[in-house]
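Comments concern the structure below.
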Amino acid sequence: MHKLKSAIWVVGALFFNSTTVAQEQSKRIPDYPVAYAMPTVDTVTDVLNNVREYYESTSSQTIIDGKTHEVISDFSSPNQFAQVSDGFSSEWSYTHGVVLSAFDYISEVTGDQRFFRNNPQFYDFVVEKLPYFKLISDTYGYKEKIGNWGRILNFHALDDCGSIGAAMIKTYLKTKNPDYLPLINRTAEHISNHQFRLDDGTLARHRPQYQSIWADDIYMSVPFLANMGVLTGNPKYFDDAAKQILQMAERLYIPQKELFDHGWSVTSGDYDPRFYWGRANGWTLMAMTELLGVLPDEHKSRQPILHLYRSMIRSLANLQDGSGFWHNLLDRPDSFLETSATAMFTFAIAKGINQGWINHVYGPVAITGWNAVKSQVQKNGAVDGTVEGTTFAHDSTYYYHRGRSIHATHGYGPTLYAGAEIIRLLQNETLDIDVAKPNAVNSTFHFRLKSEWPQK
């Protein structure tokens, strides 16, 4: 009898302890690496202003003597050492183009003109001083690059003009400054008639192989073409923009992955090595988003592009890291977490929900993506964790070991865009949002369409 009681006591104790452990485990608050919380319009706005102020502070937007570093104020005679002052906000570059497009968009979303004012300030500076650099070139001989303005005098590649030209069109549509038109038209001429293309008209490069396609170039061309369609009303620009997405997809989009390979070359054919680089897929989605926003509903390419867009987002939702970030190589969870791609995907997903292009159930993916991006915005407004410029490569080692820095300007525009679209998502009146409760054991975000539920 004593042994029986002892056995019963042991079993009871084990049951009690296991029940207690289970109860304690059920009460455990998850230890999220990035805050699992719903942002507010105010907190997102604070981040956007912080980034704007930092970005604006990086350059005086002046012309200086490259030898003495003194500001040049007399432009009556050419100074062969003249150059544009350093800094993010004085660059004629594709990354600055993304920032200026984002500034334009934020002012439309929020009504705060402190963002957009950077656009005419920069482009007025460019068109006012560009003749001076042309004079220097004519006097002392042609230079391929002008410091911070690169190949602005003679475009050689889509990087030289596409993104920064798209933002210039958006600025022109608001300011109507006729001095912008020569640069806009020269950009259109380069992309439409001078940039190297494959025989079927697909935009391409002569590197790393002689006939190479980069996913990056979807963004370096499509937003400009889309905005030229808006500016001129000529459907040929919409047609070419759509053609670039679909024909590049024929070589780069991998249906089994629902992602874009970084690049492809004619010489490698069907058996090229595939690397699903994060930012290349981000450029692709942002370009699709830009075109879908202006492409007529009846355009024959709209539905095929929407399919690519939707399938990519489905795949990306599955590949998102538990921190809210995405990895530099999207399908390699041991590659580092990366800011610019995360911001691009956050923007594209939130935009898709707001426009009704994708289902609202993707809302939590956008929210957790934004929280991840926000965690990389430093107190002074610098955006960290962005991978530096990355070429089309053919080995994993290269992609695994790229550097990350606040000086990689590729992260600023996407962060600004993402914030603007999250504000729209938070203000989307068609949605009810169940907010994850702080310190709750089993609480998450649920986005619901109001029209699908009985009215209270």
Side-chain angles (χ1 to χ4, degrees), residues 30-36 47 51 54 88 94-95 98-99 208 214-216 218-219 252 254 257-263 273-286 312-350 364-419 422:
D31 184 18
Y32 295 109
V34 173
Y36 192 66
V47 171
V51 174
Y54 172 79
F88 304 162
Y94 67 86
T95 57
V98 184
V99 169
W214 297 42
D216 314 44
I218 298 177
Y219 189 86
L252 299 176
I254 310 303
K257 290 279 191 178
E258 296 185 318
L259 296 171
F260 275 66
D261 183 8
H262 187 186
R274 292 169 176 169
F275 300 97
Y276 305 100
W277 181 44
R279 191 156 68 227
N281 281 269
W283 287 132
T284 301
L285 268 178
M286 288 188 71
M312 288 182 71
I313 287 176
R314 176 171 59 189
S315 180
L316 288 167
N318 183 57
L319 291 169
Q320 188 178 31
D321 183 75
S323 62
F325 286 97
W326 277 268
H327 293 270
N328 192 50
L329 286 174
L330 293 170
D331 62 339
R332 307 284 187 90
D334 59 338
S335 66
F336 57 81
L337 302 172
E338 203 278 322
T339 304
S340 66
T342 300
M344 291 170 165
F345 301 150
T346 298
F347 164 71
I349 293 168
V365 181
I367 293 299
T368 53
W370 171 253
N371 289 341
V373 170
K374 178 187 174 184
S375 74
Q376 291 300 303
V377 178
Q378 309 301 295
K379 289 183 178 180
N380 66 350
V383 177
D384 207 355
T386 297
V387 66
E388 61 197 357
T390 301
T391 194
F392 162 22
H394 293 93
D395 64 279
S396 295
T397 302
Y398 172 80
Y399 290 101
Y400 270 82
H401 295 280
R402 301 303 291 151
R404 286 158 288 169
S405 167
I406 64 170
H407 303 294
T409 51
H410 314 71
Y412 289 85
T415 295
L416 292 162
Y417 258 127
I422 290 294

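One-based numbering along the sequence shown. Heavy-atom basis, side chains included; hydrogens, waters and symmetry copies ignored.
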Q) Just wondering, do V365 and I313 contact through their side chains at under 4.5 Å, heavy atoms? A) no

Q. Taking only residues two or more places apart in sequence, or in another chain, which ones meet W277 in a side-chain hydrogen bond (donor to acceptor under 3.5 Å, both in side chains)?
A. N328

(Q) Run the side-chain contact (heavy atoms from CB on, under 4.5 Å) test against A382 and tell me which residues pass, sequence neighbours left out. (A) Y54, Q378, N380, I406, Y412

Q.
Which residues pass the salt bridge (charged side-chain N to carboxylate O under 4.0 Å, His left out) test with D331, not counting sequence neighbours?
A. K257

Q.
Run the side-chain hydrogen bond (donor to acceptor under 3.5 Å, both in side chains) test against S340 and tell me which residues pass, sequence neighbours left out.
A. R279, E338

Q) In chain order, what residues pass the side-chain hydrogen bond (donor to acceptor under 3.5 Å, both in side chains) check against R314, with sequence neighbours excluded? A) E258

Q: Output all residues satisfying side-chain hydrogen bond (donor to acceptor under 3.5 Å, both in side chains) with T95, sequence neighbours left out; order by chain, then residue number.
A: S93, T409

Q. Who passes ring-ring contact (aromatic ring centres under 6.0 Å, His included) against Y219, sequence neighbours left out?
A. W283

Q | Selection residues 319-329 - residue pairs positive for salt bridge (Lys or Arg N to Asp or Glu O under 4.0 Å), sequence neighbours left out | A | none

**Q.** Partner residues of A408 under the side-chain contact (heavy atoms from CB on, under 4.5 Å) criterion, sequence neighbours left out
**A.** T386, H410

Q) Can you list every side chain to side chain donor-acceptor pair (under 3.5 Å) pair that touches residues 390-400, not counting sequence neighbours? A) H262-Y399, R332-S396, D334-Y400, Y398-R402

Q: Report the residues that fulfil salt bridge (charged side-chain N to carboxylate O under 4.0 Å, His left out) with R404, sequence neighbours left out, ordered by chain and then residue number.
A: none

Q | Test item: S315 side-chain N/O and M312 main-chain N/O as donor-acceptor pair under 3.5 Å | A | no

Q) Is any side-chain heavy atom of D216 less than 4.5 Å from a side-chain heavy atom of F392? A) no

Q: Hey, could you give me each pair passing ring pair (Phe, Tyr, Trp, His ring centres under 6.0 Å) that has a residue in residues 315-337? Not counting sequence neighbours.
A: W326-F345

